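Below is one structure, written out as structure tokens; comments come after it.
This one's a predicted model, so the numbers in the text were calculated from it and none came from an experiment. Side-chain atoms are counted along with the backbone in the values below, which use heavy atoms only and exclude waters and symmetry mates. All chains are named by letter (A, B, ...) in the order of the sequence lines, taking the proteins before the strands, and each is independently numbered beginning at 1.
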2 protein chains.
Amino acid sequence: MATIRDVAKQAGVSVATVSRVINKLERVNPDTKQKVLDAIEKLNYKPNDVARSLYQRKSKMIALIVPDITNPYFPELARAVEDVANRSDYTFVLCNSDDSEQKERQYMQVLRQKQVDGFIVVTSTLAYEHIKDLNVPVVALDRIIDRKVPAVTVNNNDGAKTAVQHLLDIGCKRIAHISGPDDVDNAMQRKQGYLDVVSHYEWFEPGMVQNGDYHMDQSEQAMMKLLKAYPDIDGVFAGNDLMAVGALKALKKSGKKVPDEISVVGFDGISLGELTTPSITTVKQPIYKIGEQAARMLIDKINDPTTEQENVEYDVTFMERESTKRKEG
Amino acid sequence: MATIRDVAKQAGVSVATVSRVINKLERVNPDTKQKVLDAIEKLNYKPNDVARSLYQRKSKMIALIVPDITNPYFPELARAVEDVANRSDYTFVLCNSDDSEQKERQYMQVLRQKQVDGFIVVTSTLAYEHIKDLNVPVVALDRIIDRKVPAVTVNNNDGAKTAVQHLLDIGCKRIAHISGPDDVDNAMQRKQGYLDVVSHYEWFEPGMVQNGDYHMDQSEQAMMKLLKAYPDIDGVFAGNDLMAVGALKALKKSGKKVPDEISVVGFDGISLGELTTPSITTVKQPIYKIGEQAARMLIDKINDPTTEQENVEYDVTFMERESTKRKEG
DNA sequence: GTGAAAGCGCTAACAA
DNA sequence: TTGTTAGCGCTTTCAC
């Protein structure tokens with residue numbers, strides 16, 4: 001690989017001049033500039049970003065840490081962040097934390113040593129104290145970390161209420177909920193939305209809430225339990241689409257017809273929800289937008305660390321598909 | 001951030017000694033070593049990897065370039081590569097090329113400037129000449145680039161034949177194929193596998209092969225066309241699972257019962273195939289293994305560039321699910 | 001066993 | 001407008 005020195009020699013100028021040309025900040029005599037350009041062309045010179053990073057103390061890299069990229073919610077998010085990063089000449093690094101705080105911290109540390117300029121994090125375990133001595137901007141996504149860390153989220157409570165209200169509207173008489181992990185704030189908000197709507201109905205019992213941990217398999221089991229304990233439920237609100245799929249599987253195995261005997265609503269709006277039979281009625285998040293927004297905020301903050309940032313909360317959209325149907329009569 | 005200098009001062013030794021301690025290569029007097037360790041602890045010192053990279057000319061980063069992470073085949077692959085990378089203390093970088101050669105080259109160039117140590121690439125457009133002056137190990141995945149680039153693939157032809165033979169075995173009389181892009185070698189091999197089995201049957205016509213471009217939507221259209229042109233087809237082999245899902249959608253819209261009236265087989269074994277109704281009979285690739293193998297090969301080559309590497313071809317496994325059924329009578 | 005110093009490739013004062 | 005030079009933080013000869 002040719003270095004700036006080689007270029008300088010080839011062009012018969014100093015390295016400073018070459019640096020000036022490639023960074024196009026200061027004025028350079030057009031003739032000298034052309035000589036430098038020619039030398040760069042001839043030697044196929046590409047500046048060494050590592051040397052640059054060392055001097056500038058920044059790497060032009062941002063990282064996104066998600067629990068698990070094989071959960072279909074996250075690839076779409078990752079695309080958005082990557083696209084924004086590229087548009088701003090940042091390199092994008094993706095990490096899976098498996099929801100382990102240890103892995104999250106490990107990643108952030110390693111990447112900090114590589115001078116990564118900022119992080120977007122989806123976490124429910126990381127505490128503020130661990131991110132503050134990273135000394136670098138962090139944006140929280142999907143889940144709130146701390147008041148001091150700007151976050152991009154959706155209105156989970158509203159979305160949940162809309163979903164449950166829809167089940168009531170189409171005539172459901174007994175509605176259960178499959179909830180996400182207790183330590184994830186958005187899961188709690190969705191559960192609360194459900195409770196806000198149903199808790200004063202006389203048919204409601206606390207056992208109608210079962211934990212599905214945001215996983216398909218665990219949700220399938222949760223649905224089985226619900227079916228056993230409350231054979232007459234005719235509506236289910238799942239805390240995310242993945243769990244709605246799990247519920248569908250359980251229902252199918254139990255011979256319950258969806259949506260004729262029981263209606264199911266999910267949350268998220270991942271494309272998987274359109275592919276099941278029946279397709280899943282859901283509360284759609286603007287996933288790509290969320291990722292874009294978070295990436296923009298992060299990059300803005302990197303470019304100007306004095307920027308003060310507010311939390312951004314997006315509205316969700318109710319989306320009726322095949323898994324819910326108005327009761328006859 | 002504390003630097004090696006700060007540590008040296010704190011411990012009352014030279015920077016060379018500190019370097020020796022953190023790299024634990026040369027022998028250091030236990031007492032001095034302890035002093036250094038204490039200083040590191042006290043100052044919470046973390047070595048700056050950028051400075052290290054600059055000197056060593058390597059970054060301990062590897063990159064995976066895939067067409068599109070929202071295609072569910074790739075997240076699983078990415079996990080595998082990431083896991084292996086982490087075990088070997090490499091940082092993992094993921095990039096989406098959107099199957100554009102321009103983006104692939106752009107990414108590889110930018111990452112090379114960041115001293116990325118090697119690439120795993122899923123591409124059908126990139127030529128050998130573009131990767132050779134990168135001056136860094138490259139492993140091809142899923143699709144072959146050139147004889148000179150080691151590749152990890154599966155036996156596509158065998159898998160396709162097995163799939164089509166299965167359709168014959170269960171009694172299908174007229175079998176169509178929805179193919180992948182013409183410029184992707186594995187798509188061609190799968191198509192060839194189909195042709196190998198069916199081309200000598202008298203019912204076979206070239207129009208029974210329709211291009212679905214490995215995309216769900218385009219496959220849906222392809223299925224529609226097939227249905228129109230050959231209303232009596234009772235078996236479909238789709239070049240990948242995503243296209244099998246598309247076929248299922250078309251079939252459903254057309255009121256054709258799967259598997260009673262028509263059987264469908266896919267290829268890949270992505271988990272999405274288990275979630276549709278009916279679930280999709282498929283030819284399963286060992287996706288995680290493939291990713292692991294490619295990552296290992298890449299890292300081996302990085303650690304010892306003289307290593308000669310052979311292509312690795314994995315066998316696929318036929319997996320019968322609900323979308324195929326033996327004909328009655 | 002330890003330290004001084006050169007240098008990885010680049011940028012940015014400071015001089016000229 | 002251009003060149004000289006001192007670092008950025010680290011590793012590694014080469015002395016001692």
- side-chain hydrogen bond (donor to acceptor under 3.5 Å, both in side chains) partners for B:Asn86, two or more places apart: A:Tyr107

- Selection residues 125-138 of chain B - residue pairs positive for side chain to side chain donor-acceptor pair (under 3.5 Å), sequence neighbours left out: B:Glu101-B:His130, B:Glu104-B:Thr125, B:Arg105-B:His130, B:Thr123-B:Thr125

- d(NZ, A:Lys33; P, D:dT2) in whole Å: 11 Å

- Just by protein heavy atoms under 4.0 Å, how would nucleotides 7-13 of chain C read 5' to 3' in B, S and -? BBBSBBB

- Query: Tell me the salt bridge (Lys or Arg N to Asp or Glu O under 4.0 Å) pairs involving residues 48-66 of chain A, sequence neighbours left out?
  - Reply: A:Asp49-A:Arg52, A:Asp49-B:Lys114

- Note on the structure: Applied to residues 292-304 of chain A, the salt bridge (Lys or Arg N to Asp or Glu O under 4.0 Å) test, sequence neighbours excluded, yields A:Arg87-A:Glu292, A:Glu292-A:Arg296

- By side chain to side chain contact (heavy atoms under 4.5 Å, CB included), A:Pro181 pairs with (sequence neighbours left out) A:Asp183, A:Val184, A:Ala187, A:Asp213, A:Tyr214

- Item | Under the side-chain hydrogen bond (donor to acceptor under 3.5 Å, both in side chains) test, residues paired with B:Asp89 that sit two or more places apart | none

- Task: Taking only the side-chain nitrogens and oxygens of B:Thr17, find out if one of them lies under 4.0 Å from OP1 or OP2 of C:dT2.
- Result: no

- Quick one: bend of the helix from C:dG1-D:dC16 to C:dA16-D:dT1 from 5 pairs per end, to 10°? 40°

- When you check the gap from the basic side-chain N to the acidic O, do B:Arg79 and B:Asp83 get nearer than 4.0 Å? yes

- Task: Name all residues meeting the side-chain hydrogen bond (donor to acceptor under 3.5 Å, both in side chains) criterion together with B:Ser88; count only those two or more places apart in sequence or in a different chain, and write none if there are none.
- Result: none

- Message: So, OP1 or OP2 of D:dT1: does either fall under 4.0 Å of a side-chain N or O from A:Thr32?
- Response: no

- Message: Whole angstroms only, please: what is the NZ-P distance between A:Lys114 and D:dC8?
- Response: 21 Å

- Item | salt bridge (charged side-chain N to carboxylate O under 4.0 Å, His left out) against B:Asp38, all qualifying residues, sequence neighbours excluded | none

- Summary of salt bridge (Lys or Arg N to Asp or Glu O under 4.0 Å) pairs that have at least one residue in residues 2-25 of chain B, sequence neighbours excluded: B:Arg20-B:Glu26

- Near DNA chain C, under 4.0 Å by heavy atom, which residues of residues 6-14 of chain A? none

